Protein chains: 2
Amino acid sequence: MAKAKKKSSRDRILDAAEKLFAQHGFDGVTMRQIMRAAGADVALAYYHFKSKRDLFDAVMLRRVELLNEIRLEALEDLERRHKDNPPTVEEIISAFVNPLLELLAREQGKWRHYYALIAQINNSTEFGGELMTRYFDPLVKRFIGALRRALPECDERDLFWSYHFLSGALTLTFAETGRIDNLSGGICRSDDMDAANARMPAFIAAGFKALCVPRKQSAPKRAKRKTVSRRARK
Amino acid sequence: MAKAKKKSSRDRILDAAEKLFAQHGFDGVTMRQIMRAAGADVALAYYHFKSKRDLFDAVMLRRVELLNEIRLEALEDLERRHKDNPPTVEEIISAFVNPLLELLAREQGKWRHYYALIAQINNSTEFGGELMTRYFDPLVKRFIGALRRALPECDERDLFWSYHFLSGALTLTFAETGRIDNLSGGICRSDDMDAANARMPAFIAAGFKALCVPRKQSAPKRAKRKTVSRRARK
DNA sequence: AACACATTTCAACGTTCGTTGAAATATGGA
DNA sequence: TCCATATTTCAACGAACGTTGAAATGTGTT
């Protein structure tokens, strides 16, 4: 508490809203709960932000710019170090994931709720398509461009689907839901981001390299579906 | 409409609740909205189910049993065909994913909402750990057992983290959020489950095989974190 | 001190929420 | 037909919702 600046009420409202939205979702939280956590009257939220929805947008926007900036820098750093030969897939994935860890280490428990919020949005049929596109697509397209150069003659659809799998694995992991703790009987921990980060780039990069290869057939026919046996039918 | 049985009001309530919960989440929907969609008085919901929360649980339970049963059967079928040599990782993943496709084809637009609901729950910090564990862990542990046999001398933690990545990729994909449509400029479609299914087993199996290998070092140190440059700091 | 302006509180608005007791209706066996 | 029971509707409860106008308080300038 030496050089801790006093936080503005606006920031305290955003902090409380971020945490509660992440824990219970937009509709699972009331303005009164948020303002009680922020320690101020409920009307103050409507002075700084004109509606509940605008408060939610402000929560999202507060961090997305910095996140995108740092990720972009990680990618440009990487490409600068590989003047001629393109960086490997694994290096690109790491440049996409590492900034999340960096920010988490920089401000304990700040970004944690933000990541949980993003995971919710990413998996929401209502907002997933629209919001993730608005906030992340320009950056994601840059990373996909780098992956395209690292995977020559790759089919475009394979590339996008591979990123889609990456996106699902990444957001769930950073949501820290506690699921893996239960499933593994405690030998893995949701909040052990270093353990996750030690494994995710290798896992995901292998997926990209297996899927994004030039093919003779343009029609994707690798997996064949098997009919379900009669017995299981209702 | 030849042999279509008249649906009970209980089922119509469950159908309406399933669809609306999937679209807007538990707190984003009111009992009155659900009963309006079901075409009955709101009090009827409290006659069949005693509370909103119990209705939600009934929605979840209605399908999870059949889903687990069919998935288990797919795995046992597979193991029966491989008496001595264990099935490949890719075959096991397909046995885990294919039933989702089968059920989707069997009743159009029924399971779709259910999968979207599961994706929400899986990525919820509030319920993700608890509900997914309760509904799916016994089955998932059987699949992980099969994967363990297919990946000899695999580190347990690698195995669980690999399944975790699979879980995130799978639930996001079956949530059909529309994100990949936007990102890809239309060349990939969220509702093209065949395209997803043609790619996911190969992608995920490659991840498992890359990560779940015997290692000299027990400490996971494959990925090194890089510090973020000064400029990006606030 | 007096002022303009930003910030915060107070008290309430109309609406909608989840839920319920009691009445009305449908159903099926005696 | 009558009755017991299951299903469905009606009308309302208190509580909590998002939001707001106006008053009170703080802050910095002249």
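We name chains A, B, ... by the order of the sequence lines, and we start the count at 1 in each one. On a predicted model such as this, the values are computed, not experimentally measured, just so you know.
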> What one-letter contact string describes nucleotides 12-26 of chain D from 5' to 3', where B marks a base within less than 4.0 Å of any protein heavy atom, S marks contact via sugar-phosphate atoms alone, and - marks no contact?
Replying inline: B----BBBB------
> Taking protein heavy atoms under 4.0 Å as touching, what does nucleotides 23-29 of chain C look like 5' to 3' if B marks base contact, S marks sugar-phosphate-only contact and - marks none?
Replying inline: -------
> Can A/Thr177 and B/Asn122 be counted as having a side-chain donor-acceptor contact under 3.5 angstrom?
Replying inline: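 Note: A/Thr177 and B/Asn122 side chains miss the donor-acceptor criterion.
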>> Whole angstroms only, please: what is the CE-C1' distance between A/Met35 and C/dC10?
In response: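 Going from A/Met35 (CE) to C/dC10 (C1'), I get 14 Å.
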> Just how far, in rounded Å, is C1' of C/dT8 from CZ of A/Phe49?
Replying inline: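 One finds 14 Å between C1' of C/dT8 and CZ of A/Phe49, rounded.
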> Which residues pass the side chain to side chain donor-acceptor pair (under 3.5 Å) test with B/Asp191, sequence neighbours left out?
Replying inline: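 Expected list: B/Arg189.
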> Between B/Asp77 and B/Arg80, is there a salt bridge with N-O shorter than 4.0 Å?
Replying inline: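 Judged by the 4.0 Å cut-off on N to carboxylate O distance, B/Arg80 and B/Asp77 do form a salt bridge.
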> Salt bridge between B/Glu107 and B/Arg112, side-chain N to carboxylate O under 4.0 Å?
Replying inline: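 No, this pair does not count.
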[X] to [Y], cation-pi by 6.0 Å centre distance and 45° axis angle:
X        : Y        : value
B/Arg199 : A/Phe165 : no
A/Arg106 : A/Trp111 : no
A/Arg62  : A/Phe49  : no

>> One pair to check against salt bridge (Lys or Arg N to Asp or Glu O under 4.0 Å): B/Lys110 and B/Glu18. What are the steps and the verdict?
In response: CA-CA 9 Å; B/Lys110 280 275 190 152; B/Glu18 180 177 67; over 6 Å; no
Side-chain N or O of [X] closer than 4.0 Å to phosphate OP1/OP2 of [N]:
X       : N     : result
B/Ser9  : D/dT7 : no
B/Tyr47 : D/dT7 : yes
A/His48 : C/dT8 : yes

Donor-acceptor pairs under 3.5 Å, side chain of residues 129-136 of chain A to any protein atom, not counting sequence neighbours: which ones?
{"from": "A/Glu130", "atom 1": "OE2", "to": "A/Arg134", "atom 2": "NH2", "distance (Å)": "2.6"}
{"from": "A/Thr133", "atom 1": "OG1", "to": "A/Gly129", "atom 2": "O", "distance (Å)": "2.5"}
{"from": "A/Thr133", "atom 1": "OG1", "to": "B/Asn182", "atom 2": "ND2", "distance (Å)": "3.1"}

>> Please determine whether salt bridge (Lys or Arg N to Asp or Glu O under 4.0 Å) holds for the pair A/Arg53 and A/Asp57, giving the CA-CA distance in whole Å, both sets of side-chain angles, and the decisive distance to 0.1 Å.
In response: CA-CA 6 Å; A/Arg53 179 57 207 243; A/Asp57 289 339; 3.3 Å; yes
>> Expected output is a numbered-order residue list: members of residues 11-25 of chain B with a heavy atom under 4.0 Å from any atom of DNA chain C. What is it?
In response: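 Per residue number, the list is empty: none.
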> Partners of A/Phe26 by ring pair (Phe, Tyr, Trp, His ring centres under 6.0 Å), sequence neighbours excluded?
Replying inline: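 Listed in chain order: A/Phe21, A/Phe56.
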